[in-house]
Novice: 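Can you read through this structure? Questions will come right after.
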Amino acid sequence: MEDNQIERFERFYFREMTASEQADFNQKLQADENLRQEYGSFILAREALEQAEAKSLREQMNTWEADVKPGNMPEKPRRKSNRWGLLLFLLFLIVAVYLSCPISEVNSGSQISDWDAYAQVHLRGIERSVEDISLTQRLNQLYLDENFSGARDFIGTLDDSLRKQPKVKLIEALLMYQSQNFTAAKNKFEEILADRSAPFMVIDAATYFSLLSSARLNSCLSECQLKLKRLSEDDNFLYKNQASLLLHRLEARE
Amino acid sequence: MEPTNTLSNEESGIVADICSGGSKRNAALKLLYTHEKVNRTIAQFVLKYGGDDHDIRYVLQESIIIFDRLVREGRFRSESKWDTFLIGIGKNTCRNHMRSRKNWTSLDDLEGNELELSAANAADEYFDRKELSGALSGVLDELKPLCREVLLLWAQSYPMERIAEALDLGRSANARKRKYRCMKELMQLIKTRPQLGQYLHEAWKTIK
């Protein structure tokens, strides 16, 4: 095999041939089994290189995720920071309204349904990411079906080792939140956040719902603001979305 | 007739930087990976179809890998803006990823008609290639380290001058010769792998 044959393969592969060269090469491929096999091996060699490159690019992207700060975002960073400033200002106004009119009183008797869409996303993710699928599926289903008393009863039947599992604790905390026992819920969410064995998705949900509990309790104005600000600046864009979602929700409640 | 390759400065910059290889390509890919609109749109899409943050990261990374390759192989013609195209790839990658899990049975409302056809085809094509990865795994390890380095730098679009410089090969012509020799060696190794036999015969028409 001559070097110029590989060069020809490259030019065909990278679409650098003229239309007539391309048609000519195509004809040769149709007619010559050996050439087809040679070109096939060229394509597979490229594929092997691309797969190695994709692997290294994946690793590279994982490091970017940790490195990149929202301030370095290429798209209109000044507008972005103004927007966050505006949202934080709105949050301040909303929390000021809370002080005179607590959410828990305004919404007394309401269910968790307004937050459910987000809870569902988390729970689905957790369901797939944990080892004991049957247990969490059962629990999550009870919760998503709004069979809250069924979920509480089910947790009551579990032994201590299962109840210590972070995802079970999360459902327990969500049930407390649902029954508007925000103090207990907040404590439980914080207990989960301190648990180093908790899977990422559980931590993600606990972070989000502990903020919600704090907002409902009206007891940590500056802390909530600080956490929200931190979340909005987090490298993980999901956290940013959550913070943004929470701010919008709070704004809508005004 | 309108020219097909009409790029704005930003777009042509990204495409040119990816093609340049090396640090410019790295910077362009980092820009794509951290691009707010791309991140937000793909995240919303994956969440909408029941995915979680792991799925978002997976879809975003795979989409950028596909986009990068299309650009380097001269297959991004820019009939659309690069972000629209990348998001199109993302949507289809999301669909393929969710289907592969088989726990989403109804994705009929996946806004398929919103997808740009070429982006959809590209995502499908790369999804189909995944079955090759097992058969090709380890083949590069059979090459001598220098050969592997030369080919990997070439795959990353490094110009021959840079490859020669990075690997201390002297003139760029030496790097070019070395690359041909190594490519020949790799192609030979592939031909001797029995599990790749079927792909060898079909590759010329099924891939590319």
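We name chains A, B, ... by the order of the sequence lines, and we start the count at 1 in each one. Since we're looking at a predicted model, the values are computed, not measured. Values below: all heavy atoms of this structure, side chains included; hydrogens, waters and symmetry mates excluded.
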Novice: Are any of the side-chain heavy atoms of A/Gln51 and B/Leu140 separated by less than 4.5 Å?
Specialist: no
Novice: Report yes if the side chains of A/Leu44 and B/Val139 come closer than 4.5 Å at any heavy-atom pair, otherwise no.
Specialist: no
Novice: Taking only Lys NZ, Arg NE, NH1 and NH2, and the carboxylate oxygens of Asp or Glu, determine whether A/Glu10 and B/Arg176 approach each other closer than 4.0 Å.
Specialist: no
Novice: For the candidates A/Ala45, A/Ser56, A/Gly40, A/Ala52, which exhibits the highest count of non-hydrogen atom pairs separated by less than 4.5 Å from chain B?
Specialist: A/Ala45
Novice: How long is the gap from CD on A/Gln60 to CG on B/Leu29, to the nearest 0.5 Å?
Specialist: 8.5 Å
Novice: Once rounded to the nearest 0.5 Å, what's the spacing between atom CZ of B/Arg69 and atom CD of A/Glu53?
Specialist: 10.5 Å
Novice: Looking at A/Arg46 and B/Arg72, what are the two nearest heavy atoms and their distance?
Specialist: NH2-NH1, 4.0 Å
Novice: At what distance, to the nearest 0.5 angstrom, does CE of B/Met187 lie from CD of A/Glu38?
Specialist: 5.0 Å
Novice: How far does CG of A/Asn4 sit from OH of B/Tyr180, to the nearest 0.5 angstrom?
Specialist: 8.5 Å
Novice: Where does B/Asn26 contact chain A at under 4.5 Å (heavy atoms): side chain, backbone, both or neither?
Specialist: both
Novice: Could you state the interatomic distance from CG (A/Leu49) to CZ (B/Arg148), rounded to the nearest 0.5 Å?
Specialist: 11.0 Å
Novice: Assign the ring pair B/Trp154 / A/Phe14 to parallel, tilted or perpendicular, where the plane angle (0 to 90°) is split at 30° and 60°.
Specialist: perpendicular
Novice: For B/Ile190 and A/Ser41, which heavy atoms make the closest approach, and how far apart are they?
Specialist: CD1-O, 4.0 Å
Novice: What are the two closest non-hydrogen atoms of B/Ala155 and A/Glu50, and how far apart are they?
Specialist: O-OE2, 4.2 Å
Novice: Examine whether an atom of B/Arg193 lies under 4.5 Å from a heavy atom of chain A, and if so say whether it belongs to the side chain, the backbone or both; otherwise answer neither.
Specialist: neither
Novice: Please report the shortest heavy-atom distance between B/Lys184 and A/Ile6, naming the atom on each side.
Specialist: N-CD1, 4.0 Å
Novice: Which atoms of A/Leu57 are under 4.5 Å from chain B, going by heavy atoms: the side chain, the backbone, both sets, or neither?
Specialist: side chain
Novice: Could you check which of B/Leu186, B/Ile64, B/Leu189 has the highest count of heavy-atom pairs closer than 4.5 Å to chain A?
Specialist: B/Leu186
